[in-house]
Structures are given as structure tokens and as C-alpha cells.
J.: 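Below is the structure I would like to discuss, written out as C-alpha cells.
Predicted model, so just to flag it, every value in this text is computed and none were measured. In what follows, every chain begins at residue 1, and chains take the letters A, B, ... in the order their sequences are listed.
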Amino acid sequence: MTDVRVRFAPSPTGYLHIGGVRTALFNWLFARHHGGTFVLRIEDTDRDRSTDEAIDAILEGLRWTGLDWDEGPFRQTDRLDLYREKSQQLFDQGKAYWCVCTPEELELRRKEAQAKGESIKYDGRCRDLGITKPAQPAALRFKSPQEGQTVVDDLIKGKIVFENTVLDDLIILRSNNYPTYNFSVVIDDALMGITHVIRGDDHVNNTPRQVPMFEALGYQVPHFAHLPMILGSDKARLSKRHGATSVLAYQEMGYLPEALVNYLVRLGWSHGDQEIFTIQEMIEKFSLKNVQSSAAVFNPEKLQWLNAEYLKQGDPRVMAELLVPFLEKHGYDPKGAVQPQGGLEAVIPHVRERATTFLEMADWVLPFISEPVTMDEEAAMKFLTPAIAPTLKKFAERLSGLAGLSKEEVDPIIQAVLEEDGLKMGKFAQPLRVALTGRTFSPGIHEVMQLLGKERVLLRIAQAVSRMGF
RNA sequence: GUCCCCAUCGUCUAGUCUGGCCUAGGACGCCGCCCUUUCAAGGCGGCAACGCGGGUUCAAAUCCCGCUGGGGACGCCA
């Protein structure tokens with residue numbers, strides 16, 4: 001164990017999105033790489049927008065991705081006394097002051113300033129009023145330094161210099177006695193002993209506002225590392241209009257968490273030319289030094305490719321298990337009578353290189369888990385013609401005398417039938433495929449027959465032949 | 001408007017710190033060929049980038065400046 005302590009601090013105002021998972025992942029990898037501690041903290045100081053459902057969704061999303069936390073989840077609303085005490089301390093020390101401007105007034109002034117093209121920062125009109133016990137609703141503001149510079153030595157972006165004149169006197173305690181983000185985050189990061197604050201790029205501008213607070217309270221300032229944003233295909237910040245952004249939506253679409261994590265780790269981080277990493281490799285190789293400083297566009301196609309790779313490598317038994325929920329949506333009963341020969345597990349090797357997600361895989365498995373088979377009418381029209389019926393029928397008759405359905409046993413029969421009827425394999429294979437699977441595409445004919453078993457093969461051929469009028 | 005960040009194929013990126021090994025590498029996608037009873041997978045090949053302009057230097061993707069472009073932040077949201 002080292003003394004590295006990092007945290008993931010989402011606000012529970014919605015589901016856990018892709019960007020959040022990436023931030024959590026990089027924190028988690030940093031912690032695991034250094035043998036440190038990963039803290040989960042829920043920043044729910046916005047009373048109006050925070051919900052318990054969102055907290056549940058975030059925890060569920062995190063669990064699905066496998067990013068386990070060592071401490072927490074802590075809720076900021078359980079720590080309100082702490083923030084009030086610390087804000088009082090700042091007031092007592094003359095480092096904070098009461099502001100009686102109303103939100104409406106502030107909003108109006110901002111708009112006016114914007115219209116005139118002037119600075120929209122707070123004008124500090126309550127700063128020297130010396131209010132000690134406000135008679136009306138009031139917010140507590142932190143006296144930000146107005147001289148000199150605040151320098152942030154970002155672990156990813158390098159040195160960033162801010163003129164303190166751009167700093168606002170931030171509200172640290174709202175008139176409803178709740179702390180604001182920029183204050184509670186400082187208190188918690190300090191008190192929880194966070195050594196490295198690894199967060200999204202969108203917080204860069206918050207950093208020079210938070211640093212003076214650490215200093216005013218006599219806390220050690222943590223190291224900062226700002227991760228590049230994830231953008232949508234139009235290069236705007238990734239949002240709902242770019243499609244699925246909730247992690248759990250990816251679970252529903254049939255992605256493996258390992259694939260998503262692998263995709264996300266390569267978004268802004270790299271290790272030479274390597275594309276596929278086990279979790280262990282990620283932990284070993286991860287370093288903030290190799291984190292990109294520019295934003296990255298989310299590319300669903302590459303995620304899909306990675307998912308396909310993981311599908312191809314996975315243990316068939318595990319894959320089969322994960323596939324079940326997707327099949328159940330099609331009416332599959334894991335304990336029902338209609339099963340592939342050898343069980344679901346036996347189908348996996350034949351369908352997984354044809355699918356990129358479990359959703360697609362389920363579709364490939366459909367012909368083996370439903371009875372009767374669902375016939376694609378267009379395919380039937382084209383291939384199940386009366387001309388081929390006698391050949392199919394003859395084939396079925398010969399097949400019924402066979403002990404097994406191995407390629408060695410079946411092939412001679414096919415060859416014989418083709419020769420007798422003067423047909424080429426190309427003319428026979430597709431009709432047989434359609435008869436057996438109801439589709440024009442499937443795993444190899446031999447595999448299909450073996451997975452179906454002789455009884456169902458004969459049944460399906462018979463059904464196909466009879467629909468041709470024989 | 002003000003402040004901050006960023007800039008290599010369509011996309012993710014290697015190379016940039018420590019200039020020469022870069023005729024700029026890999027991956028996704030796309031295109032072609034091979035394999036093939038279908039669909040895939042697989043194999044082989046191809047297209048495709050250092051934003052622009054100035055410096056510095058024997059030498060610049062790499063260092064410096066400017067421009068342009070993109071992103072982010074400016075809330076009693078986080």
C-alpha cells in the first residue's frame with residue numbers, strides 16, 4: 001500500500017454516463033497501479049436535482065463495469081455539519097462574508113453585463129459591508145485573492161497560470177444552508193486525504209478557485225490531473241443526442257463490460273500500439289504520463305469491434321450464461337424442452353464470430369431455441385421451390401438411417417443425392433439451410449444439423465417439403 | 001465578451017519531453033483480392049494525416065512566435 005488516495009465523485013442527477021465511467025476508470029487504474037485507495041463519494045449537495053434513484057443507477061453502473069471502490073460511498077448530505085463548521089471558520093477568520101444579493105438580482109446583473117460585453121463576474125458589492133448576522137436570506141462568499149497568480153501544475157496538461165483578477169468571490173454556503181460544489185469538494189478532498197484529484201477537463205477552471213480555499217483552511221493542496229473530454233461524432237461534448245451515453249444502455253445492447261472498459265481506456269490513453277488489454281495489463285501499464293491532452297471522439301464502431309474480439313475469446317460457458325437474458329426476450333426458457341444439442345454452450349462457438357453483441361448473437365441462436373422455426377418468407381420463396389423438394393426428401397430419408405450426424409457420415413449421403421439428381425452443392429445447400437434455419441444465412445450446414453439433432457432436422461425438412469406441396 | 005485548454009489519416013493513437021533512426025507506424029472503418037455451400041471469421045493488399053504562416057537549426061511532426069480552427073468554463077449546478 002502506498003499513500004495514494006483518489007476518488008470518483010459523481011453527482012446523482014442522472015444515470016452514470018460514458019464520460020463518468022472513463023473518469024472513474026482512470027482514477028481506479030491509478031489507485032490500483034500504485035496500490036492506493038479508491039474512494040467513492042456522492043456529491044449530492046444540489047437538493048433539487050439529486051435523487052436516490054440516480055445514486056442506485058450510478059452504483060449499479062459502477063458494479064457492472066467492475067470498478068470496485070475501497071471506501072464509501074460517502075454522501076455529502078451526510079456531512080453537512082462539517083461544511084457548515086468549516087464555512088463558519090472561514091467567516092470567523094475574515095476569509096468569507098455574507099452576501100445579501102438575491103439570485104434574481106445576480107442573474108439580472110449578469111445578463112446586463114453580458115449584453116454590454118462586460119465581465120460577468122460578481123462585483124463584490126457585499127464584500128466590505130461587514131454583515132455579521134444577516135436579517136434576510138444570505139449566502140456566504142469566499143474572499144478570493146485578487147492579486148497575483150494561481151499556478152496549477154497539472155499532471156497531464158503541465159503548468160497552467162491563472163491571473164487572480166479573474167477569480168470570483170464564490171458562494172460557499174447557499175442561503176438554504178447547503179454548501180456549494182466548489183466548497184464541499186475542497187473540504188472532502190482535504191479531509192478524505194485525497195492525494196490526486198483526477199477529473200474531467202471541464203474542471204480546469206474550477207481548480208484556481210479551489211486552490212485558494214485549500215490554502216485558506218490550511219490544507220495541503222492535492223495534485224491535479226485533468227482528463228480530456230469525450231466528444232460526440234460532431235466534436236461537441238458527448239451527450240444524449242449522440243445516442244446511448246448511459247453505461248447500462250451498453251449492457252442492454254449486449255456489450256461486455258471488459259470490452260467497454262478496454263475501449264474507454266484507449267480513449268485518451270495508450271501504451272504503444274497495443275489495443276487489447278486485460279484488466280491486469282491495464283493496471284500494470286497505466287500511467288498519467290501517457291494520457292493524451294486533447295479531446296477524443298467516441299467511436300461506436302471501434303467499441304463494437306472490441307466487443308466482437310472479447311466475444312470470440314470468452315469462455316463459451318460464461319458467454320452462454322450471459323446470453324440467456326437476451327434469449328429470454330425471445331421467449332426462450334432455459335429449462336424448457338427446446339434446446340440445442342449439447343446445450344446453449346455448444347452453440348456459442350458457431351455464432352460468436354458472426355455477432356458483435358449479445359443482441360446480435362441472440363438472433364443467430366434463435367433457430368436453435370425455437371420450434372417450429374420462424375421462416376423467412378422471402379427466403380422460402382426463393383429457395384424452397386418444388387424442384388428441390390424431391391432431393392430434400394430423399395436426403396431426409398437417407399439421413400434417418402444414419403447413426404450420427406457427423407460430417408463423415410453425412411457428406412457421403414449428400415454427395416450421393418447430388419449425383420443421383422444431377423445437382424451441384426450450390427443448388428442444394430441454400431434450400432437445405434433455409435429448411436433447417438428459416439434463413440439464408442447460418443453457421444455451416446453440418447454444424448447446424450448437429451446442433452439441431454436428427455429428430456429436429458428431419459422434422460424441419462419434412463415441414464419444408466410439405467409447404468412445397470409434397 | 002472574458003479566461004483556460006487543445007491541434008498527426010474520417011476516428012482512436014505511436015512518434016513530440018530528450019530535433020536526425022519518419023519515405024510518419026499501429027488500430028477501427030472503408031475498398032479490393034484470397035478462402036468459402038450462406039453469413040461471418042480469417043489471410044493478403046490498398047486508400048488515407050503532421051491545420052496555416054513565420055522563425056531557430058546543418059537538420060523540425062518534434063523547439064519558439066503568430067494566425068486559424070476546435071473544445072471547455074464563466075450558476076445560491078456539479
J.: Under the criterion ring pair (Phe, Tyr, Trp, His ring centres under 6.0 Å), which of A/F298, A/Y255, A/Y250 is the partner of A/Y263?
T.: A/F298
J.: Contact class for A/F162 (heavy atom, under 4.0 Å): base, sugar-phosphate, or nothing?
T.: sugar-phosphate
J.: Tell me yes or no: between the side chains of A/D128 and A/Y97, is some donor less than 3.5 Å from an acceptor?
T.: no
J.: With rounding to whole Å, what would you report as the distance between B/G71 and B/C33 at their C1' atoms?
T.: 42 Å
J.: When you compare the protein's N or O atoms with those of nucleotides 18-25 of chain B, which come within less than 3.5 Å of each other, and at what distance?
T.:
| from | atom 1 | to | atom 2 | distance (Å) |
| --- | --- | --- | --- | --- |
| B/G25 | N2 | A/D273 | OD1 | 2.8 |

J.: Using the side-chain contact (heavy atoms from CB on, under 4.5 Å) criterion, which residues pair with A/E420? Sequence neighbours excluded.
T.: A/K394, A/R398, A/A416
J.: Using the P atom as the point on both nucleotides, what is the distance between B/G19 and B/A73, in whole Å?
T.: 37 Å
J.: Quick one: label A/I445 by what it contacts on the DNA or RNA (base, sugar-phosphate, nothing), any heavy atom closer than 4.0 Å.
T.: base
J.: Round to a whole Å and report the spacing from CD of A/Q292 to P of B/G26.
T.: 18 Å
J.: Need one value for A/S119: base, sugar-phosphate or nothing, where a base atom within 4.0 Å counts as base even if backbone is also close, heavy atoms only.
T.: nothing
J.: Could you note down all residue pairs passing ring-ring contact (aromatic ring centres under 6.0 Å, His included) where residues 411-433 of chain A supplies at least one of them, sequence neighbours left out?
T.: A/F395-A/F428
J.: Report, one pair per line, the protein and nucleotides 31-35 of chain B atoms (nitrogen or oxygen only) whose separation is under 3.5 Å.
T.:
none

J.: Between A/K285 (NZ) and B/A14 (C1'), how many Å, whole number?
T.: 15 Å
J.: Determine the interatomic distance between C1' on B/C65 and the same-named atom on B/U56; round to the nearest Å.
T.: 11 Å
J.: Where the side chain of A/V297 is concerned, which of B/C3, B/C12, B/A7 is the nearest nucleotide?
T.: B/C12
J.: How many Å lie between CG on A/N290 and P on B/A14, as a whole number?
T.: 8 Å
J.: Contact list please: residues 298-313 of chain A against RNA chain B, heavy atoms, distance less than 4.0 Å, in numerical order.
T.: A/N299, A/E301, A/K302, A/W305, A/E309, A/K312
J.: Between B/C31 and B/U68, how far apart are the C1' atoms? Round to whole Å, please.
T.: 33 Å
J.: Rounding to a whole Å, what distance do you find between A/W364:CH2 and B/U38:P?
T.: 12 Å
J.: Quick one, give me the B/S/- string for nucleotides 70-78 of chain B, reading 5' to 3', where B means a protein heavy atom under 4.0 Å from the base and S means that only happens at the primed atoms, P, OP1 or OP2.
T.: -SBSBSBBB
J.: Please, which pairs that meet side-chain hydrogen bond (donor to acceptor under 3.5 Å, both in side chains) have at least one residue in residues 12-23 of chain A, sequence neighbours excluded?
T.: A/Y15-A/T245
J.: Taking atom types as they are modelled, would you say the side chain of A/R266 forms a donor-acceptor pair with the base of B/U13 within the 3.5 Å cutoff?
T.: no
J.: What is the distance, rounded to the nearest whole Å, between atom CG of A/N262 and atom P of B/U13?
T.: 13 Å
J.: B/C30 and B/G72: how far apart are their P atoms, nearest whole angstrom?
T.: 29 Å
J.: How would you label the contact of A/P443 with the nucleic acid (heavy atoms, under 4.0 Å): base, sugar-phosphate, or nothing?
T.: base
J.: Ignoring hydrogens and angles, state whether a donor on the side chain of A/Q430 or A/R433 is under 3.5 Å from an acceptor on the partner side chain.
T.: yes
J.: Return no unless some side-chain N or O of A/Q274 is found under 4.0 Å from OP1 or OP2 of B/A14.
T.: no
J.: Can you tell me which nucleotide in B/U37, B/C39, B/C4 comes closest to the side chain of A/Q430?
T.: B/U37
J.: Check whether NZ of the Lys or CZ of the Arg A/R141 lies under 6.0 Å from the centre of the six-membered ring of A/Y122 and within 45 degrees of that ring's axis.
T.: yes
J.: So, is A/S442 close to the B/C39 phosphate, meaning a side-chain N or O under 4.0 Å from OP1 or OP2?
T.: no
J.: Between the side chains of A/K407 and A/Q450, does any donor sit under 3.5 Å from an acceptor?
T.: no
J.: Could you work out, with salt bridge (Lys or Arg N to Asp or Glu O under 4.0 Å) as the rule, every residue matching A/K427, not counting sequence neighbours?
T.: none
J.: Would you please say whether a donor-acceptor pair under 3.5 Å links the side chains of A/D44 and A/T77?
T.: yes
J.: CG of A/L267 versus P of B/U11: gap in Å, rounded?
T.: 13 Å
J.: To check you understand the geometry: which heavy-atom pair defines the closest contact between A/Q292 and A/I156, and what is its length?
T.: O-CG2, 3.9 Å
J.: Using only heavy-atom distances, determine whether the side chains of A/N164 and A/Q146 contain a donor-acceptor pair under 3.5 Å.
T.: no
J.: With sequence neighbours excluded, what pairs up with A/D153 under the salt bridge (Lys or Arg N to Asp or Glu O under 4.0 Å) test?
T.: none
J.: For the side chain of A/S294, starting at C-beta, report the closest nucleotide among B/C3, B/C6, B/U37.
T.: B/C6
J.: On a whole-Å scale, what distance lies between the P atoms belonging to B/G46 and B/G25?
T.: 11 Å
J.: Quick one: A/Q415 CD to B/U37 C1', roughly how many Å, whole number?
T.: 11 Å
J.: A/E107 near the nucleic acid: base, sugar-phosphate alone, or nothing, with a heavy-atom cut-off under 4.0 Å?
T.: nothing
J.: Would you measure the distance from the P atom in B/U16 across to the matching atom in B/A61 and give it in whole Å?
T.: 13 Å
J.: Whole angstrom is fine here: how far is it from CD in A/E353 over to P in B/G43?
T.: 12 Å
J.: Quick one: list whatever passes salt bridge (Lys or Arg N to Asp or Glu O under 4.0 Å) with A/K382, sequence neighbours left out.
T.: none
J.: Which residue pairs pass the side-chain hydrogen bond (donor to acceptor under 3.5 Å, both in side chains) test when at least one of the two sits in residues 221-235 of chain A, sequence neighbours left out?
T.: A/D154-A/H226, A/R199-A/H226, A/T207-A/H226, A/D234-A/R241, A/D234-A/H242
J.: Could you work out the separation of B/A27 and B/U38 based on their P atoms and round it to a whole Å?
T.: 28 Å
J.: Counting the atoms with a prime plus P, OP1 and OP2 as sugar-phosphate, which does A/G200 contact under 4.0 Å by heavy atoms, base, sugar-phosphate, or nothing?
T.: nothing
J.: Who are the salt bridge (Lys or Arg N to Asp or Glu O under 4.0 Å) partners of A/E163, not counting sequence neighbours?
T.: none
